[in-house]
Enquirer: 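Supplied in structure tokens, the structure appears directly below.
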Amino acid sequence: MSTTWHVLGAGSLGTLWATRLARAAVPVRLIVRDSTRLQAYQAAGGLTLVEHGAELRFPVPAETPDSQAPIHRLLVACKAYDAEQAVAQLAPRLAPDAEVILLQNGLGSQDAVAAQVPQARCIYASSTEGAFRDGDWRVVFAGHGFTWLGDASHPVAPIWLDDLDAAGIPHEWSTDILTRLWRKLALNCAINPLTVLHDCRNGGLQAHHCEVATLCGELIELLERCGQPAAAENLQQEVERVIHATAANYSSMYQDVNNRRRTEISYLLGHACKVAARHQLNLPHLNQLESRLISRLHSLGLPSD
Ligand code: NAD
Ligand code: KPL
């Protein structure tokens with residue numbers, strides 16, 4: 001019998017992973033916030049995956065964080081700003097051989113989690129899959145994509161990648177996961193805040209070519225200074241390609257703001273500005289972008305951290 005996957009966070013990505021693992025008969029358990037949520041989940045009778053218009057329900061067993069059983073494999077599917085605290089409450093349950101897989105976008109939360117659980121092997125992931133909730137305990141698989149996983153301190157791939165094969169989760173083990181995460185962070189910094197500030201789809205940034213190019217120049221300086229030259233290669237061309245390829249889409253940050261949800265700004269642009277300051281690197285346009293975004297979030301009554 002293979003090791004049970006504990007999935008922390010029954011949101012979009014957590015449900016997308018849990019349902020696909022369950023579909024492949026891989027043992028999986030869901031960890032929900034508290035007994036109220038557990039009762040609501042049990043009343044719903046499981047997690048529903050909506051794919052290509054078809055709905056399938058999986059009665060994935062669930063528990064609360066204060067359940068007693070040891071955890072050997074934990075998939076953390078919370079937002080970046082919730083991850084550290086959510087994992088901290090599970091730390092006493094982590095077995096000595098525990099592995100923790102972190103699905104958070106941006107950077108900063110993964111290191112904060114790793115510091116909470118020094119006994120565990122922490123694996124960082126970067127995903128281009130897209131999913132959203134259309135109701136409680138339901139996920140719509142909106143964009144097929146790919147997930148890279150890696151461990152910056154240990155290049156050997158874990159055996160449980162077989163579970164992902166079985167579950168049909170497209171993935172690759174990456175020996176340069178930090179480069180991937182920095183590259184994605186740079187793309188997100190060049191695109192997402194501007195879509196909020198200009199109130200536009202990604203394609204709307206084609207009218208702000210100079211602003212995008214200036215930001216890319218500063219992001220390249222940052223990536224080179226913090227030891228990520230590969231993440232800086234052809235950044236501007238890649239940003240322009242993504243703007244073109246996703247012209248009709250709203251960025252994830254735009255969607256968060258539009259739905260009045262907290263953004264992950266501190267782990268994207270905020271992280272970039274913090275690392276630049278740590279390296280005493282003056283990046284005026286990036287800093288100004290952060291200030292403008294924070295002001296916009298304040299004016300909308302949304303958190304800016
Ligand atoms: P989400 O808001 O849909 O889900 C997060 C879930 O975690 C929520 O259900 C929340 O209640 C739960 N949670 C938070 N704290 C908890 C705790 N202490 N105990 C139990 N549950 C807790 O978020 P999401 O869209 O799935 O995103 C998760 C991460 O994945 C983010 O960093 C996001 O940027 C990244 N990501 C998302 C997508 C996507 O398409 N949704 C794609 C790529 C990356
Ligand atoms: O990842 C993205 C997002 O919206 O978060 C893209 C489409 C690359 C824009 O930055």
Side-chain angles (χ1 to χ4, degrees), residues 6-18 30-38 40-41 47 62-67 74-90 101-110 113 124-148 181 183-196 200-205 212 215 219 235 238-259 261-269:
H6 281 85
V7 175
L8 175 60
S12 308
L13 274 201
T15 304
L16 188 61
W17 278 63
L30 196 62
I31 303 177
V32 299
R33 275 179 196 273
D34 52 34
S35 53
T36 310
R37 292 295 288 159
L38 186 58
Y41 174 70
L47 294 174
E63 62 191 43
T64 55
D66 57 8
S67 169
L74 179 67
L75 180 75
V76 183
C78 308
K79 294 284 196 185
Y81 46 74
D82 282 327
E84 185 180 355
Q85 203 204 336
V87 172
Q89 64 183 340
L90 293 175
I101 300 109
L102 297 160
L103 289 179
Q104 287 60 49
N105 200 12
L107 279 162
S109 70
Q110 300 90 341
V113 168
Y124 299 1
S126 178
S127 181
T128 60
E129 293 195 313
F132 64 88
R133 283 182 280 180
D134 71 345
D136 240 9
W137 319 112
R138 293 172 55 88
V139 69
V140 179
F141 194 176
H144 289 255
F146 208 80
T147 302
W148 287 269
L181 284 162
R183 177 74 161 193
K184 176 103 189 301
L185 181 146
L187 277 164
N188 286 168
C189 286
I191 297 174
N192 299 11
L194 287 180
T195 62
V196 173
C200 66
R201 295 175 196 259
N202 293 352
L205 299 186
V212 171
L215 290 175
L219 286 162
L235 179 67
E238 175 74 353
V239 166
E240 283 167 4
R241 189 194 65 73
V242 170
I243 287 174
H244 184 74
T246 63
N249 299 354
Y250 287 108
S251 75
S252 55
M253 186 178 274
Y254 182 102
Q255 292 179 44
D256 283 341
V257 171
N258 203 38
N259 290 307
R261 289 190 299 247
R262 183 175 172 186
T263 68
E264 294 182 300
I265 175 176
S266 296
Y267 303 88
L268 298 165
L269 184 55

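Remember, it's 1-based here, ligands and their atoms both numbered in the order they're listed. Nothing here was measured: the structure is a model prediction, and the numbers come from that model.
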Enquirer: Check Val76 against Ala83 and note the closest heavy-atom contact, atom names and distance.
Expert: CG1-CB, 4.2 Å
Enquirer: Tell me the protein heavy atom at minimum distance from atom 5 (C) of ligand 1, and give that distance in Å.
Expert: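 Here the nearest protein heavy atom works out to Ala77 O, 3.4 Å.
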Enquirer: Please verify the inter-ring angle class for Trp148 with Phe146; under 30° counts as parallel, over 60° as perpendicular, anything in between as tilted.
Expert: tilted
Enquirer: Of the backbone atoms (N, CA, C, O) and the side-chain heavy atoms from C-beta on, which set of Glu264 has a member under 4.0 Å from an atom of ligand 1: side chain, backbone, both, or neither?
Expert: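 Just the side chain.
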Enquirer: What atoms of ligand 2 come closer than 4.0 angstrom to any heavy atom of Ser251?
Expert: 4 (O)
Enquirer: Would you check the N or O atoms of Asn105, main chain and side chain alike, for any that come under 3.5 Å of an N or O of ligand 1?
Expert: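 Yes; at least one N/O pair falls below 3.5 Å.
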Enquirer: Can you check which of Thr15, Val7, Leu8 brings a heavy atom nearest to atom 19 (N) of ligand 1?
Expert: Leu8
Enquirer: Check each heavy atom of Lys184 against ligand 2 and say whether those closer than 4.0 Å belong to the side chain, the backbone, both or neither.
Expert: side chain
Enquirer: Can you tell me how far apart OH (Tyr81) and CD (Gln104) are? Round to the nearest 0.5 Å.
Expert: 11.0 Å
Enquirer: Which atoms of ligand 1 have any heavy atom of Ser127 under 4.0 Å away?
Expert: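 Going through ligand 1 atom by atom, the ones under 4.0 Å from Ser127 are 43 (C).
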Enquirer: Can you tell me how far apart OG1 (Thr64) and CZ (Arg33) are? Round to the nearest 0.5 Å.
Expert: 13.0 Å
Enquirer: Would you confirm whether Asp34, through its side chain, and Thr36, through its main-chain N or O, come within 3.5 Å as a donor-acceptor pair?
Expert: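 A pair under 3.5 Å: yes.
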Enquirer: Around atom 6 (C) of ligand 1, find the nearest protein heavy atom and jot down its residue, atom name and distance.
Expert: Gly11 N, 3.7 Å
Enquirer: For atom 23 (O) of ligand 1, what is the closest protein heavy atom, and at what distance to 0.1 Å?
Expert: Lys79 CE, 3.5 Å
Enquirer: Of all heavy-atom pairs between Tyr254 and Thr195, which one has the smallest distance, and what is that distance?
Expert: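 Scanning both residues completely, I find the closest heavy atoms to be CD1-O, 3.4 Å.
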Enquirer: Where the closest heavy atom to atom 16 (C) of ligand 1 is concerned, which of Arg262, Arg33, Arg133, Gln89 has it?
Expert: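 Residue with the shortest heavy-atom distance to the ligand atom: Arg33.
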Enquirer: Just verifying a value: how many Å separate Arg183 CZ and Ser126 OG, rounded to the nearest 0.5 Å?
Expert: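 Taking CZ in Arg183 and OG in Ser126, the distance rounds to 12.0 Å.
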Enquirer: Which heavy-atom pair separates Leu107 from Gln110 by the least distance, and what is that distance?
Expert: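 Closest pair (atom of Leu107, atom of Gln110, distance): CA-OE1, 3.4 Å.
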Enquirer: If you take all heavy atoms of Cys78 and Ala86, which pair is closest and at what distance?
Expert: SG-CB, 3.8 Å
Enquirer: At less than 4.0 angstrom from any non-hydrogen atom of Val242, what atoms of ligand 2 do you find?
Expert: 8 (C)
Enquirer: So Ile31 and Gln89, side chain to side chain contact (heavy atoms under 4.5 Å, CB included) or not? Walk me through it.
Expert: CA-CA 12 Å; Ile31 303 177; Gln89 64 183 340; over 6 Å; no
Enquirer: Would Ser12 count as being in polar contact with ligand 1, using the rule that some N or O on each side must be under 3.5 angstrom apart?
Expert: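 Looking only at distances, the answer is yes, because the N/O contact criterion of under 3.5 Å is met.
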Enquirer: Give the numbers and elements of all ligand 1 atoms closer than 4.0 Å to a heavy atom of Asp82.
Expert: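 Within the 4.0 Å cut-off of Asp82, ligand 1 contributes 14 (C), 15 (N).
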Enquirer: Closer than 4.0 Å to some heavy atom of Ala86 - which atoms of ligand 1 meet that?
Expert: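 Going through ligand 1 atom by atom, the ones under 4.0 Å from Ala86 are 17 (C), 18 (N).
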Enquirer: Checking a contact table here: which protein heavy atom is nearest atom 7 (O) of ligand 1, and how many Å away?
Expert: Gly9 CA, 3.5 Å
Enquirer: What distance separates Leu187 CG from Leu235 CG, expressed to the nearest 0.5 Å?
Expert: 6.0 Å
Enquirer: If I take atom CG from residue Asp82 and atom CD from residue Glu264, how far apart are they, to the nearest 0.5 angstrom?
Expert: 9.0 Å
Enquirer: Using a strict 4.0 Å cut-off to heavy atoms of Ile191, name the atoms of ligand 2 that fall inside it.
Expert: 9 (C), 10 (O)
Enquirer: May I ask you to identify the nearest protein heavy atom to atom 39 (C) of ligand 1, giving residue, atom name and distance to one decimal place in Å?
Expert: Ala131 O, 3.6 Å
Enquirer: Could you pull out the closest heavy-atom pair between Thr15 and Ala10, with the gap in Å?
Expert: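 Closest heavy-atom pair between Thr15 and Ala10: OG1-O, 3.3 Å.
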Enquirer: Of all the atoms in ligand 1, which lie at a distance below 4.0 Å from a heavy atom belonging to Ala80?
Expert: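 Listed by number with element: 32 (O).
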Enquirer: For ligand 1, indicate whether the residue Ala10 contacts it via side chain, backbone, both or neither (heavy-atom separation under 4.0 Å).
Expert: backbone
Enquirer: So which heavy atom in the protein is nearest atom 10 (O) of ligand 2, and how far is it from that ligand atom?
Expert: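 That would be Asn192 OD1, 2.6 Å.
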Enquirer: Give the atoms of ligand 1, by number and element, whose distance to some non-hydrogen atom of Glu129 is under 4.0 Å.
Expert: 40 (O), 42 (C), 43 (C)
Enquirer: Go through ligand 1 atom by atom and flag the ones less than 4.0 Å from a non-hydrogen atom of Gln104.
Expert: 32 (O)
Enquirer: Can you pull out the closest protein heavy atom to atom 44 (C) of ligand 1? Residue, atom name and distance to 0.1 Å, please.
Expert: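 For this ligand atom, the closest protein heavy atom is Leu13 CD1, 3.8 Å.
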Enquirer: Taking all non-hydrogen atoms of both residues into account, name the closest pair between Leu269 and Pro193 and its distance.
Expert: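 Reported closest heavy-atom pair: CD2-CG, 3.9 Å.
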Enquirer: Which protein heavy atom lies closest to atom 7 (C) of ligand 2, and at what distance to 0.1 Å?
Expert: Asn202 ND2, 3.9 Å
Enquirer: Tell me the protein heavy atom at minimum distance from atom 4 (O) of ligand 2, and give that distance in Å.
Expert: Ser252 N, 2.8 Å
Enquirer: Quick check for you: to the nearest 0.5 Å, what is the distance between Thr263 atom OG1 and Gln255 atom CD?
Expert: 13.0 Å
Enquirer: Counting non-hydrogen protein atoms only, what is the nearest one to atom 28 (C) of ligand 1? Give residue, atom name and distance.
Expert: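 I find the closest protein heavy atom is Cys78 O, 3.5 Å.
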Enquirer: Do any N/O atoms on Asn188 end up under 3.5 angstrom from N/O atoms on ligand 2?
Expert: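 N/O-N/O distance below 3.5 Å exists for this pair.
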Enquirer: Relative to ligand 1, is Leu103 under 4.0 angstrom through side chain, backbone, both or neither, heavy atoms considered?
Expert: backbone
Enquirer: Using a 4.0 Å heavy-atom cut-off, which part of Pro65 comes near ligand 1: side chain, backbone, both, or neither?
Expert: neither
Enquirer: Stepwise, does the side chain to side chain contact (heavy atoms under 4.5 Å, CB included) test hold for Trp137 with Val32?
Expert: CA-CA 11 Å; Trp137 319 112; Val32 299; 3.9 Å; yes
Enquirer: Side chain to side chain contact (heavy atoms under 4.5 Å, CB included) for Glu129 and Phe141? Distances and angles first, verdict last.
Expert: CA-CA 8 Å; Glu129 293 195 313; Phe141 194 176; 3.6 Å; yes
Enquirer: What atoms in ligand 1 come closer than 4.0 Å to a heavy atom of Gly130?
Expert: 40 (O)
